[in-house]
**Student:** 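Mind having a look at this structure? Questions to follow.
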Amino acid sequence: MRKTLGWLLSLVVLIGTMGAAGATAHAATAAGPAAATDIKDQILGIPGMSLIEEKPYPGYRFFVLNYEQPVDHRQPWKGTFKQRMTLLHKDTTRPTVFFTSGYNVNTNPRRSEPTTIVDGNQISLEYRFFTPSRPDPANWANLDIWQAASDQHRIFTALKKIYTKNWLATGGSKGGMTATYYERYYPRDMDGVVAYVAPNDVVNKEDSAYDRFFTKVGTKECRDKLNNVQREALIRRAPLEAKYTAAAAENGWTFNTVGSLDKAFEAVVLDYTWAFWQYSLLADCAAVPTAATASDQEIWDTVDTISGFSAYADQGLETYTPYYYQAGTQLGSPDIKQPHLKGLSRYGYQPPRNFVPRDIPMTFQPGVMADVDNWVRNNAHQMLFVYGQNDPWGSEPFHLGYGVRDSYVMTAPGANHGANVAKLLDGEKTLATAKILQWAGVAPAANTFGTAKTAPLAAPDAQLDRHDLERAQQLRP
């Protein structure tokens, strides 16, 4: 919370009664490292919290947990579901980072960049409706950004009693969007927000920014090379779809949701250029084959590697049904023109409705993103947005108006969808790191001369700090 406590809780030692013993135990819990109660017992003492497993990791305690949440925060008496989360515990005297991916939670120990910078604890939350964190039966009307923000608020409220120091919200891509929406609805919870590569599709039907991006990104040579592969894939539709049919039979892929193998094939091909810039760098263009001289197998291999032919099969879509539902009801989705495919494309960029089973109703709510955008422009306080120069999802970023306080938008040159503070130019990297430390309420480390040094406080850890950019085999953030 953005306030400094002007007082400290004093510990009163009372002797002789059971009530006095209880008061002392409560005070010890608040005392952090001096607490007599094990951190696992403190966490599991929260009503609705249960342990899935504890995994050992040097220097930390790591727990995979379930937390009982209302299916509908507006009507909490109408049932609950178990929402999966993890806790990377360092010390209750350290700040805490609330991380969201916007998708499933990773059940292995990991640190987000802000957690490394502040050397803190990390709560990681699975987004509602991603299995197994899905109500049964699932009323999809309860999957919206306010309900998800309320999930976070309820967890924060419960854990703040144990982790009393400053809190930061963070996440990348859809997780960055999630952190931003949480701040919009519960602006008094967090002491700062670090949102990475968060798209901001304010007007769903206005996507010209994406079209402009694809005329300028990288070099003309690379753009032409990618466009030619797309064209060649559609020109060779018949032999490539024969390969697709064989691959589907071998892997058990079906195409009931999207409607046909032909629609799935074209969706994969049309994602090719976008997916390249989302996950690759300009230097990777050298590995893209020259379309005119490439064999059918080479065209198949490059499209499969970059876009993924499993993406729009039922088996590839199933995990991401909650994302496509949100894209088609609140978040919006891009629809780029790709004029180089004129006369070859049968379906164009297909809408999210094509990727969600038809028995799930969807109605788009056009004012939701505009509300968030307006709030950020006028009310952002201690928020940092980081984008990658060559990431298509950054074509429609968040913007800051004149009324914001201590908030920033920064862009990492040449970076893709894996942009972070470490990839910023030195001046912005220093400022961003200093702000994250300041918002977390921790002092920067001192260098050998005793002066402040704006660098991550935690020692590097190759396993914990592994940030493999998960390749999404669909067009999604």
**Student:** Determine whether Tyr210 and Trp274 satisfy the following criterion, ring pair (Phe, Tyr, Trp, His ring centres under 6.0 Å), listing intermediate values before the conclusion.
**Tutor:** CA-CA 10 Å; Tyr210 298 107; Trp274 185 298; 5.3 Å; yes
**Student:** Taking the side chain from Glu126 and the backbone from Asn104, do they hold a donor-acceptor pair closer than 3.5 Å?
**Tutor:**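 Side chain of Glu126 to backbone of Asn104: no pair is present.
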**Student:** Can you tell me how far the CZ atom of Phe398 sits from the CG atom of Leu384, to the nearest 0.5 Å?
**Tutor:**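 Nearest 0.5 Å value for the CZ-CG distance: 13.0 Å.
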**Student:** For the rings on Tyr312 and Phe255, is their centre-to-centre separation under 6.0 Å?
**Tutor:**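 They do not qualify: ring centres at least 6.0 Å apart.
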**Student:** Any salt bridge linking Glu221 with Lys225? Criterion: basic side-chain nitrogen under 4.0 Å from a carboxylate oxygen.
**Tutor:**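 Between Lys225 and Glu221 there is no salt bridge, as every charged N stays at least 4.0 Å from the carboxylate O atoms.
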**Student:** Of all heavy-atom pairs between Ala412 and Leu424, which one has the smallest distance, and what is that distance?
**Tutor:**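 Looking at all heavy atoms of both residues, the shortest contact is N-CD2, 3.8 Å.
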**Student:** Work out which heavy atom in Ala294 is nearest to a heavy atom in Pro289; give both atom names and the distance.
**Tutor:**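 Taking Ala294 first and Pro289 second, the nearest heavy atoms are CB-CB, 4.1 Å.
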**Student:** Does Arg476 count as lying over the ring of Tyr320, i.e. NZ or CZ under 6.0 Å from the six-ring centre, within 45 degrees of the axis?
**Tutor:**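 Positive - Arg476 is close enough to the ring of Tyr320 and near enough to its axis.
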**Student:** Assess Arg74 against Trp146: is NZ or CZ under 6.0 Å from the centre of the six-membered ring, and within 45 degrees of the ring's axis?
**Tutor:**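 Yes; both conditions hold, so Arg74 lies above the ring face of Trp146.
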**Student:** Yes or no on side-chain hydrogen bond (donor to acceptor under 3.5 Å, both in side chains) for Asn378 and Asn374, after CA distance, side-chain angles and deciding distance?
**Tutor:** CA-CA 6 Å; Asn378 294 290; Asn374 181 68; 3.1 Å; yes
**Student:** With Ile145 as reference, evaluate Gln330, Met177, Arg184 under the side-chain contact (heavy atoms from CB on, under 4.5 Å) test and give the passing residue.
**Tutor:**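 With Ile145 as partner, side-chain contact (heavy atoms from CB on, under 4.5 Å) holds for just one option, Gln330.
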**Student:** Please report the closest heavy-atom contact between Gly102 and Thr178, naming both atoms and the distance.
**Tutor:**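 Scanning both residues completely, I find the closest heavy atoms to be CA-OG1, 3.9 Å.
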**Student:** Find out whether Ser173 and His417 are in side-chain contact, i.e. whether some heavy atom of one side chain is under 4.5 Å from a heavy atom of the other.
**Tutor:**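 They are in contact (side-chain heavy atoms under 4.5 Å apart), so the answer is yes.
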**Student:** Apply side chain to side chain contact (heavy atoms under 4.5 Å, CB included) to Leu88 and Arg110, showing your working.
**Tutor:** CA-CA 8 Å; Leu88 184 69; Arg110 291 289 186 273; over 6 Å; no
**Student:** Can you check whether Leu234 reaches Leu341 side chain to side chain, under 4.5 Å on heavy atoms?
**Tutor:**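 Yes, their side chains come closer than 4.5 Å.
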**Student:** Please find the pair of heavy atoms, one from His340 and one from Gln230, that lie closest to each other, and give the distance.
**Tutor:**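 Distance-wise, the nearest heavy atoms are NE2-OE1, 2.8 Å.
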**Student:** Run the side chain to side chain contact (heavy atoms under 4.5 Å, CB included) test on Leu425 and Met410 for me, step by step, so that the C-alpha distance in whole Å, both residues' side-chain angles and the decisive distance to 0.1 Å come before the verdict.
**Tutor:** CA-CA 9 Å; Leu425 293 175; Met410 301 180 183; over 6 Å; no
**Student:** Could you tell me if the ring centre of Trp277 sits under 6.0 Å from that of Phe213?
**Tutor:**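 No, the ring centres sit 6.0 Å or more apart.
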**Student:** Mind listing the closest non-hydrogen atom pair of Leu282 and Gly218 along with its distance?
**Tutor:**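 Heavy atoms of Leu282 and Gly218 come nearest at CD1-CA, 4.0 Å.
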**Student:** Can we say Asp119 and Lys90 salt-bridge, meaning some charged N sits less than 4.0 Å from an Asp/Glu carboxylate O?
**Tutor:**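 Yes, Asp119 and Lys90 are salt-bridged.
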**Student:** Can you measure from CG (Leu87) to OG (Ser124) and round to the nearest 0.5 angstrom?
**Tutor:**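 One finds 9.0 Å between CG of Leu87 and OG of Ser124.
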**Student:** Is Arg237 salt-bridged to Asp262, going by a charged N under 4.0 Å from an acidic O?
**Tutor:**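 Asp262 and Arg237: salt-bridged.
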**Student:** Has Gln389 got a side-chain atom pairing as donor or acceptor with Gly414's backbone, closer than 3.5 angstrom?
**Tutor:**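 Checking the backbone N and O of Gly414 against the side chain of Gln389, a donor-acceptor pair under 3.5 Å is found.
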**Student:** Taking Thr157's backbone N and O only, do any of them form a donor-acceptor pair with Arg154's side chain (distance below 3.5 Å, no angle check)?
**Tutor:**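 Such a contact is absent between Arg154 side chain and Thr157 backbone.
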**Student:** Will you find, in the side chains of Asp144 and Gln147, an N or O donor that is under 3.5 Å from an N or O acceptor?
**Tutor:**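 Note: Asp144 and Gln147 side chains miss the donor-acceptor criterion.
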